[in-house]
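Let me begin by presenting the structure, written as structure tokens, before commenting on it.
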Amino acid sequence: MELNHGERDGQAERAVLVGVETPASADDVPLEESLEELRGLAASAGAQVVGVFSQNTGRFQTATLAGSGKVAEIRAFVDEHRPDLVIFDNDLTPAQQRNLESALNLRVVDRTQLILDIFALRARSREGKLQVELAQLEYLLPRLTRLWSHLSRIAGGIGTRGPGETQLEVDRRRIRERIGRLKRRLDGVAKTRRLQRKERDSIPYPTVALVGYTNSGKSTLMNRLTRAGVLAADKLFATLDPRTRALRLPNRERVMLVDTVGFINKIPHTLMDAFKATLEEIHQADLLLCVLDPTSPLAERQLAIVDSVLDDIGAADTPRLVVPNKIDIAEDLPLYSPNGHEGLCPISARTGEGIERLLETIARLLDRGKQRIHLTLPQSESVIIPFLRARGQVLAEEYDEHGVRVTALVSAKVSGQVRKLAAANGAELGEPRRAPRR
């Protein structure tokens with residue numbers, strides 16, 4: 001156990017952290033590193049850590065997760081130092097949470113509840129707030145037996161109860177009804193997103209998504225590339241809501257750059273389900289930039305977690321480029337050989353080092369999926385060539401008595417649009433016609 005003798009900082013809650021390594025979690029992130037991450041999560045939630053306990057147990061303790069001796073040790077610390085809450089690095093069952101609160105005589109929250117609290121603090125958009133509330137209520141529902149007395153204060157009174165219903169049953173019913181309403185509203189949000197994506201596809205710029213472990217520097221990179229003004233702070237989950245900005249590559253092609261929520265070890269399944277509409281932005285991307293913090297001792301493990309989450313959301317086949325960030329402060333840049341990735345492109349989003357190479361690499365990777373098309377246009381046609389210059393790369397342009405012969409390199413999405421424009425404007429698709437020999 002370690003103790004931090006810091007004073008209470010304003011209204012910050014004083015928290016004790018507890019991590020238990022069980023046989024089931026032995027292959028995960030080492031307990032010490034996981035607790036350090038939990039410390040960062042607690043700080044992001046506004047808590048002051050005053051004590052840390054850890055235990056490596058050879059068998060699963062059904063009642064309290066931690067062994068009885070460790071629980072007694074934590075209780076002695078709580079009685080002496082009077083913290084406000086105890087935060088477990090593990091996910092607790094409702095029964096374990098209830099038993100621990102009884103044994104410690106103090107509020108106990110687990111890792112999932114802490115992450116949900118941070119998300120509630122960070123959510124700014126209407127969609128983000130709906131998603132967080134849904135995840136919180138789905139987490140809360142099986143734990144109502146412990147918390148129903150608090151919820152009863154916001155419940156109505158006379159005329160709101162069915163015959164024979166207890167207050168706990170009323171609260172459960174109300175939460176289920178609220179969950180149903182939130183899911184319907186989020187379904188509407190998902191439909192709106194699909195319409196917006198369809199509109200974007202009608203002006204088909206390639207999409208590049210920033211993904212990575214939380215606090216790896218995605219928002220800083222977004223600001224460096226697009227001057228988006230996204231909040232970039234040394235906090236876990238500093239930003240939640242996805243941002244999309246236009247980005248011009250060195251070949252003059254315009255792409256849409258999307259900044260997404262950071263991933264984390266032991267990400268709650270309730271959050272994964274609630275943020276499905278947001279994560280669809282990743283699924284629809286043409287290229288993923290996996291931003292990595294090489295200064296972390298767990299960088300390779302964090303990349304594996306990001307890959308696992310991407311696979312879970314159906315983005316397994318999307319091309320990925322690993323972008324080690326913070327190379328200005330990294331003492332030793334490891335050479336990763338990640339399977340299924342397009343290589344490495346080290347950068348410093350803070351100083352700008354490596355950014356030009358990154359942009360050139362993005363352009364090269366997007367060019368790989370492009371198609372070469374040939375068009376013969378009437379000289380009076382004034383729509384298709386500007387469209388090709390804006391959406392692709394015009395390789396050749398020849399004028400003669402037959403009209404204008406154009407060769408261009410475009411993405412598969414743009415190719416479909418060009419075919420529609422050609423049919424509507426009297427253009428011919430195919431290999432350019434050669435002038436007859438004299």
Side-chain angles (χ1 to χ4, degrees), residues 91 94 109-148 150-202 207 209 211 237 239-244 256 258-264 266-285 309-315:
D91 282 337
V109 302
D110 63 10
R111 185 185 181 94
T112 292
Q113 193 171 359
L114 177 62
I115 293 174
L116 289 173
D117 187 75
I118 295 170
F119 271 51
L121 287 172
R122 301 284 187 268
R124 292 292 179 267
S125 69
R126 172 177 168 273
E127 177 188 0
K129 291 176 181 178
L130 290 174
Q131 290 167 329
V132 171
E133 184 182 356
L134 175 60
Q136 286 180 318
L137 290 178
E138 289 184 331
Y139 173 86
L140 179 64
L141 189 57
R143 292 166 171 79
L144 269 185
T145 302
R146 181 176 64 93
L147 297 172
W148 76 270
H150 302 293
L151 289 172
S152 65
R153 298 193 189 107
I154 62 173
I158 297 172
T160 63
R161 299 177 179 84
E165 279 190 308
T166 65
Q167 185 62 55
L168 178 58
E169 290 167 342
V170 171
D171 290 332
R172 281 176 175 156
R173 176 165 51 81
R174 287 179 174 168
I175 286 183
R176 289 192 186 100
E177 290 171 352
R178 178 63 178 166
I179 286 174
R181 287 195 296 271
L182 287 172
K183 286 184 175 179
R184 288 191 293 272
R185 291 173 69 179
L186 283 172
D187 283 344
V189 170
K191 291 178 182 177
T192 301
R193 276 190 175 276
R194 284 193 290 270
L195 288 173
Q196 291 171 343
R197 195 176 296 117
K198 190 174 181 179
E199 289 177 1
R200 287 205 303 267
D201 288 343
S202 66
T207 301
V211 299
F237 299 122
T239 55
L240 278 187
D241 301 314
R243 304 287 180 89
T244 303
M256 303 309 294
V258 182
D259 184 20
T260 62
V261 63
F263 300 150
I264 196 170
K266 306 177 187 174
I267 189 166
H269 291 293
T270 49
L271 274 179
M272 290 287 289
D273 292 338
F275 277 73
K276 187 178 296 182
T278 300
L279 295 174
E280 282 180 3
E281 295 290 341
I282 298 174
H283 186 265
Q284 298 295 325
V309 174
L310 291 174
D311 292 345
D312 288 344
I313 64 176

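Note that the structure is predicted; figures quoted are calculated from it, not measured. Position 1 is the first residue of the sequence, and the numbers go up from there.
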Say you draw a straight line from [atom1] of [X] to [atom2] of [Y]; how long is it, rounded to the nearest 0.5 Å?
X    : Y    : atom1 : atom2 : value
I175 : L182 : CD1   : CG    : 11.0 Å
D117 : T112 : CG    : OG1   : 12.5 Å
R181 : L134 : CZ    : CG    : 12.5 Å
L140 : R172 : CG    : CZ    : 10.5 Å
L116 : R111 : CG    : CZ    : 12.0 Å

request  = Could you give me the CA-CA distance, side-chain angles and deciding distance for R173 and E177, then say whether salt bridge (charged side-chain N to carboxylate O under 4.0 Å, His left out) is met?
outcome  = CA-CA 6 Å; R173 176 165 51 81; E177 290 171 352; 3.7 Å; yes
query = Just checking, is any N or O donor in the side chain of D110 or Y139 under 3.5 Å from an acceptor N or O on the other one?
reply =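 Side-chain D/A pair, D110 to Y139: present.
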